[in-house]
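What follows is one structure encoded as structure tokens, with my remarks underneath.
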Amino acid sequence: MGNKQESSKQSNSKQNGNKQDNKQNSRKERNEREGKEEERKASKAEAEKHRDERIETTGQLTLDESESQHNIHLITIIGEIEGHDNLSSSSKTTKYEHILPQLAAIEDSKKIDGVLILLNTMGGDVEAGLAIAEMISSLSKPTVSLVLGGSHSIGVPIAVSTDYSYIVPTGTMVIHPVRLNGMVIGVQQTFDYFKQIQNRITGFVCGHCKISKMRLEELMMETGMLTKDVGTVLVGKEAVEEGIINEVGGISDAIGHLHDMVERRKADTK
């Protein structure tokens, strides 16, 4: 009888010990889950903060949450394209010293599958604009541009530098001759230099879209449209009809087409 009671006590004690161990393990697992959840939330908050800071500083971010699992890098060309001189702090600018290194990093990255360029620019420095356009056109990754609001002046070469281009129905493109700021010496060498710059721009544009050089120069020299200037304003569909932009569309069209291009490129490389 005594042995049975002793055995029963030991069994109960063992069961109680197991229950306490289970409770401790359960509490430990719960604490670990809660800790991991807190870490995940903190990591997500830090990533969102970094994302917001990156957008505010450079106007760039990586789109990596689509169902297709393609990583698309977004670059915005907004305001005035800044050259070698800093513009005033009150002006919205795109700094080429930010864009060029990022484009080089994109080309070298295995994680980036394609590039989306959003444009709403008044133009700016010719050398900086052409440098950006040349970098974009020489990327091996699929590229798509979308003109929002406007892509004027030196923004035109940037808009056509991608593999495919879109413009929203109300988007505009101003085509005009080269302008130079500062003192201009009225000699033949100055006009020759103007012509050389003009030929660089028209050559690049015509080499990356369907418009002919003759038609592009006609649009540049139009005198009846701009009251205080020489040139032409093309709105939405007109830019497509002239052969400068591929298609009228919005952000869903641009992103969708870019994903398709990435998918085709991956299929070709298999």
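All residue numbers refer to positions in the sequence shown, counting from 1.
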Practice prompt. Quick one: do R265 and D113 satisfy salt bridge (Lys or Arg N to Asp or Glu O under 4.0 Å)? Show the steps, please.
Written response: CA-CA 9 Å; R265 184 174 184 266; D113 300 308; over 6 Å; no
Worksheet item: After noting the C-alpha distance and the side-chain angles of E263 and K266, does the key distance pass the salt bridge (Lys or Arg N to Asp or Glu O under 4.0 Å) rule?
Response: CA-CA 5 Å; E263 199 64 45; K266 287 188 174 183; over 6 Å; no
Practice prompt. Walk me through it: do I251 and L118 pass the test side-chain contact (heavy atoms from CB on, under 4.5 Å)?
Written response: CA-CA 9 Å; I251 186 67; L118 300 183; 4.0 Å; yes
Worksheet item: Is the side chain of Q102 donor-acceptor paired with the backbone N or O of I99 at a distance under 3.5 Å, no angle test?
Response: no
Worksheet item: If you measure from CD1 on I154 to CD on E80, what distance do you get to the nearest 0.5 Å?
Response: 12.0 Å
Worksheet entry | Nearest heavy atoms of A159 and S165, plus distance in Å | O-CB, 3.6 Å
Worksheet entry | H152 versus T121, side-chain donor and acceptor atoms under 3.5 Å | no
Fill in: Nearest-0.5 Å distance that lies between atom OG1 in T232 and atom CD in E218
9.5 Å
Discussion item. I'd like to know if the side chain of Q198 reaches the main chain of V178, judged simply by a donor and an acceptor atom lying under 3.5 Å from each other, with no hydrogens or angles considered.
Written reply: yes
Worksheet entry | Any donor-acceptor pair under 3.5 Å from S151 side chain to V147 backbone | no
Worksheet item: Which heavy atom in E238 sits nearest to a heavy atom in V233, and how many Å separate them?
Response: OE1-O, 3.7 Å
Worksheet item: Does Q196 reach the side chain of D192, with side-chain heavy atoms less than 4.5 Å apart?
Response: no
Discussion item. Is there a path of hydrophobic side-chain contacts, each under 4.5 Å between heavy atoms of I/L/V/M/F/W/Y residues, joining I197 to I158?
Written reply: yes
Worksheet entry | I201/V126 under side-chain contact (heavy atoms from CB on, under 4.5 Å): CA gap, chis, key distance, verdict | CA-CA 9 Å; I201 296 171; V126 170; 4.0 Å; yes
Discussion item. Treating T172 as the side-chain partner and G149 as the backbone partner, does any N or O pair qualify as donor plus acceptor under 3.5 Å?
Written reply: yes
Practice prompt. Could you tell me whether the side chain of L103 reaches within less than 4.5 Å of the side chain of I75, counting heavy atoms only?
Written response: yes
Worksheet item: Quick one: does E222's side chain get under 4.5 Å of V230's, heavy atoms only?
Response: no
Fill in: Considering all heavy atoms, the nearest C209-I244 contact
CB-O, 3.4 Å
Worksheet item: Rounded to the nearest 0.5 Å, what separation is found between the OH atom of Y166 and the CG atom of N246?
Response: 8.0 Å
Worksheet item: Looking only at heavy atoms, what is the nearest atom pair of T143 and T162, with distance?
Response: OG1-CA, 3.3 Å
Worksheet entry | ILVMFWY cluster, I175 and V248 together (side-chain gap under 4.5 Å) | yes
Worksheet item: Distance from D163 atom CG to I136 atom CD1, nearest 0.5 Å?
Response: 10.5 Å
Worksheet item: Got a donor-acceptor contact below 3.5 angstrom from the E107 side chain to the S140 backbone?
Response: yes
Item to complete: Please lay out, stage by stage, how L216 and M220 fare under the test side-chain contact (heavy atoms from CB on, under 4.5 Å).
Response: CA-CA 6 Å; L216 183 60; M220 286 181 172; 4.2 Å; yes
Worksheet item: Considering all heavy atoms of both residues, which atom of V160 and which atom of F204 are nearest to each other, and what is their separation?
Response: CG2-CE2, 4.4 Å
Worksheet item: With a 4.5 Å limit on heavy-atom distance, are the side chains of M173 and I167 in contact?
Response: yes
Worksheet entry | Single-linkage hydrophobic cluster, 4.5 Å side-chain cutoff, M135 and L139 together | yes
Fill in: Residue pair K195, N199: steps toward the side-chain contact (heavy atoms from CB on, under 4.5 Å) verdict
CA-CA 6 Å; K195 186 65 176 177; N199 288 338; 3.8 Å; yes
Worksheet item: When rounded to the nearest 0.5 angstrom, what distance separates CD1 in I81 from NZ in K95?
Response: 13.0 Å
Worksheet item: Of the non-hydrogen atoms in G155 and L119, which two are nearest, and what is the gap between them?
Response: O-CD2, 4.0 Å
Discussion item. Between V144 and M261, is there a side-chain heavy-atom distance shorter than 4.5 Å?
Written reply: yes
Worksheet item: Would L116 and I78 show up in the same hydrophobic cluster when neighbours are defined by side-chain heavy atoms closer than 4.5 Å?
Response: no
Discussion item. Starting from Y164, can I reach L74 by hopping between I/L/V/M/F/W/Y residues whose side chains sit under 4.5 Å apart?
Written reply: yes
Worksheet item: Heavy-atom distance under 4.5 Å between the side chains of K237 and P169, does that happen here?
Response: no
Worksheet item: If only atom types and distance count, is the side chain of K141 paired as donor or acceptor with the main-chain N or O of I106 below 3.5 Å?
Response: yes
Worksheet item: Any side-chain heavy-atom pair from H208 and S137 closer than 4.5 angstrom?
Response: yes
Fill in: Value rounded to 0.5 Å, distance of OG1 in T94 from CD1 in I132
7.0 Å
Fill in: Salt bridge flag under 4.0 Å for residues R200 and E127
yes
